[in-house]
J.: 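If you scroll down you'll find the structure; I have some questions about it.
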Amino acid sequence: MNFNNTPDAKRPLVQMEGIDKSFPGVRALRNARLRLYPGQVLGLVGENGAGKTTLIKTLSGAHMPDAGTITIDGVQPHIRTPLDAQRAGVAVIYQEFNLVPTLTARENIFLGREKAKCSFVSRRAERRQVQRLFADIGVSIDPEALCRDLSVAQQQVVEIAKAISISARIVVMDEPSACLTPQEVKRLFAIIRDLKKQGIGVIYISHRLEEIFKIADSVTVMRDGEHVTTRPVGEITSAELIEMMVGRRLENEFPKAKTPVGPERLVVKKLCRGRAVRDVSFSVRRGEVLGVTGLVSAGRTEVARLIFGADVPDSGSIELDARPLYIRSPRDAIANSICLLTEDRKAQGLVAGLSAHENFALPNLSHWSRNSFINPKKERSAFARYVNSLNIKLADQQQLAGNLSGGNQQKLVLAKWLESNSEVVIFDEPTRGIDVGSKYEIYLLINELAAAGKAVIMISSEFDEVLGMSDRIIVMHDGRISGEITDVAAATQEQIMALAIA
Amino acid sequence: MSILRSNSRMSRFLADYGILGVLLLLCLYYSVRTLKQQHPTGEAAAEILARKISRSFESSAKVVIAAKTGRENLAFADTLNELLEKAGFKIVRSIKGDPLSIRNAFGNLADSGLRADTIATTRDYVNVVRNIKAKFPALAEVTISTPDGYLWPTFLLRANLLNISNQIAVIAIVAVGMTMVIVTGGIDLSVGSLVAFSAVVAAWLIRRTGGANASGIAMAGSCAAAIILCAVIGTFSGAMVTRFRIAPFIVTLAVMQMARGLAYLIAKGKPIYQIPDSFLWLGRGAEPFFSIPYAVILMAIIYISAHIMMSHTTLGRYIYAVGGNIEAARLSGVRVNAILLLVYTVIGALAGVGGIVMASQLKSGAPTFGNMYELYIIAAAVVGGASLKGGEGKIFGTLIGAFIIAVINNGMNLTNVESYTQKVVLGLVILGAVLLDTIKKRR
């Protein structure tokens, strides 16, 4: 195996060898290794739970490895804390943000290394640098906006800007593009190429393989905590990569099944809420998967939240099977057989401190309780059915939801709403941050729901996913529906993009 | 597999109730520290002596019982009489009275020529009896039997344990509500004041409805009114928290001031004593079979129902979910505002109950009651494993926490630790217990 690709015969910037790491009950890493050269972009791929994030955390000082050596630029620094790693030149952008929501973007970027004279922060100098950073990335974010007021995508940009501003020699990006629009991804790639030119090594973790092929020089595949292979991207195909990641062959990325479409079930008329949702009307038919796409903050999630009662609309009406619904809370929506799988599982989908089965049971307790006394046996056996059918990987039912991997968390949320047996199922970014294998299983489930005659709404930023899985697509822009695509088979990503920015 | 499972169940139990170990260690420590010769009285003494006599004499032996007057001593004499007769002994005489009547009875006995083998008496009467017996040469052969003492920790005496339970009852009862509030991610600082408010309202109403001659129905009605009023105040706090999104800390801080002030206003600054003796039933009475105080029984009932509610009902599940992630709970169809309103109402009502128990224990209602109780109550919940971040906490953990506080107080009283030192130690133990829990969770 040839590790010495791109800048040949150079000393590796990072060399990790024989890294072992165990957590109670799990061996997260065994004999894992990784090599990164100056000016190289290394793609790091693998299913969720393959150990990518854990490996990165041993590099960033978040975890201490049980065994193995980490060499950075020829020396073996003692990395015990994230600060040690930062000093050694490692900057990591995690999947989960490390931003203080009540501080501004600028304050977050300079947190811990404020530009100050005699403890007095020089806001102007900081603001100037932040504006330059944002300009480089090509986004317009107010440096003085509170992070909690920023969208998910904007927060990610702040994270990236923060890492770049540390002027690290090694930049690790864990799913950086998950929440970015295609333009933003393009800008991100431009920045990564800039970093490359400066001799900075970039480790790029992503589930989006096409990005790996676009930006990475080499790719390292991990599976079950072990190193599988490292190859230049030119010497490997996407199919081979997937095969190595999952350890088996996947036929088709989007296994769309055609279901005969019936009469209209959910009808949304003239839904409005402030500037976020303006005059949105559409319908979903029986057995139909309606794809809803657009750029970030186009109002897609907001529409879903209105239908689900998470927010209350200013005006507009919702009908299910020609029956008008009065929805003022999620409780009303659930009672009317509507469910929403939120995009942010951690903040909205799951109670991290409750066990998996308790999360599963939350909206469904009435199914197995009498006079409000829960029958634990029925609850467990109901959940066990889903654990089996959805192939949820759990130590046991008592495992805390917060300790599950992204894919398993999403399956747990899925199980929870499948049990509720809703007639309208709204998916918001159902495959964000989820590994290839789990993605496929979720697509199959979407098919099943449609085949069972449900009305399915699938909100997604990934145009290929929308194209691959929907029967009909609506595109949103700035709170309005900017276009509808009925002939999905003939549609292209460019066509969607044109509607999205219209 | 079954071993593995029971193992994980065991470790889960330890994780949930690991603080139990701290309590047991404290009990062990104070047991050792207070180990000394115990001399029981009354019926217990009679039982010990009966056993001793059965061992040292044949069952045909003739026994004279001599006891001082007084409730305990009479109980001793009667119980001993009964037990020995049951064992086949012949009771020649059972003398209950002052030294003079003992002397007369002994004289009578010596004159009658009735033979006796032993005179049974209590420990504190033995010298008197021995001196009197020495005056009658006819009784020279007769031995004197007294109950033996035994080595046992004062701390572990049944009476002391019941005392601990009775003393902590008020705090423990309110701590049930505090656990629920803390599990939802809130806090309630008003409970100490509500205890006083409830006691004062109940006492005031009893005074109005007949004072020392108030009827049982009047007392029950007064207590119910006080509890309902406290529950309403709790609902008010809950409404402020849910409707106006004011931090629970602030809301209940304000309510704490108001409730305490109202208690002073209603009582006009003075304790209210005009309460019938029968009102002591709850605070000082005990059930007849095992003489467990009614207050402790009430506490046990509240704990068991709260535990069932929190771990086996949908409501309990929702309370944990609201505390764990209020948004996820809401999006799962949980009526989060109703849940929050409910837990603040429950803690208000339980503070009301606590006030009634306290009024009954002290046979009065004073606006000074329950001072600083909110802190002890929060400490009990937190020591018991409740997390102020919400989502975590067990009802029985809180009971253990309350008992840790009670045991430390009681143990330090038994070992004559100064009350100022007690505060320092109590603070350290609270900190230590929480620290232990945190370290254990981090690993």
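All figures in this text were calculated on a predicted structure; none of them were measured in a lab. What you see below is based on every heavy atom in this structure, not just the backbone, and it leaves out hydrogens, waters and symmetry mates. Residue numbers begin at 1 in each chain, while the letters A, B, ... track the order of the sequences.
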J.: Is chain B contacted by the side chain of Ala347(A), its backbone, both, or neither, given a heavy-atom distance below 4.5 Å?
T.: backbone
J.: What is the minimum heavy-atom distance between Asn325(B) and Gln348(A), and which atoms define it?
T.: ND2-N, 4.2 Å
J.: Tell me the residues of residues 223-256 of chain B whose non-hydrogen atoms fall below 4.5 Å from those of chain A, in number order.
T.: none
J.: Please flag which part of Leu354(A) lies under 4.5 Å from any non-hydrogen atom of chain B: side chain, backbone, both or neither.
T.: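 Contact with chain B involves the side chain of Leu354(A) alone.
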J.: Can you say whether Ser420(A) sits under 4.5 Å from chain B via the side chain, the backbone, both, or neither, judging by heavy atoms?
T.: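 Neither part.
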J.: Could you look at Arg345(A) and say if it's the side chain, the backbone, both or neither that has a heavy atom under 4.5 Å from chain B?
T.: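 No part of Arg345(A) comes within 4.5 Å of chain B.
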J.: Only pairs of heavy atoms separated by less than 4.5 Å count here; which of Thr342(A), Asn359(A), Leu340(A), Ile334(A) has the most with chain B?
T.: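 Heavy-atom pair counts peak at Ile334(A).
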J.: Considering all heavy atoms of both residues, which atom of Leu365(A) and which atom of Tyr318(B) are nearest to each other, and what is their separation?
T.: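 Where Leu365(A) meets Tyr318(B) most closely, the heavy atoms are CD1-CE2, 3.6 Å.
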J.: Should Val351(A) and Tyr320(B) count as side-chain neighbours, where that means a heavy-atom distance under 4.5 Å?
T.: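 Side-chain contact under 4.5 Å: no.
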J.: Let me confirm one number: the CH2-OG distance from Trp417(A) to Ser332(B), rounded to the nearest 0.5 Å.
T.: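 Answer rounded to 0.5 Å: 5.0 Å.
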J.: Ala328(B) and Gly349(A): which non-hydrogen atoms are nearest, and at how many Å?
T.: CB-C, 4.1 Å
J.: Listed by residue number, which members of residues 333-344 of chain B have a heavy atom under 4.5 Å from any heavy atom of chain A?
T.: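 Within residues 333-344 of chain B, the residues that come under 4.5 Å of chain A (heavy atoms only) are Gly333(B), Val334(B), Arg335(B).
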J.: Report the distance from atom CG of Leu341(A) to atom CG of Leu331(B), rounding to the nearest 0.5 Å.
T.: 11.0 Å
J.: I'd like to check the salt bridge (Lys or Arg N to Asp or Glu O under 4.0 Å) partners of Arg330(B); sequence neighbours left out, ordered by chain and number.
T.: Glu327(B)
J.: Anything in residues 369-379 of chain A with a heavy-atom distance to chain B below 4.5 Å? Please list those residues in order.
T.: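 Against chain B, the residues of residues 369-379 of chain A that fall inside the cut-off (heavy atoms, under 4.5 Å) are Ser369(A), Ser372(A), Phe373(A), Ile374(A), Glu379(A).
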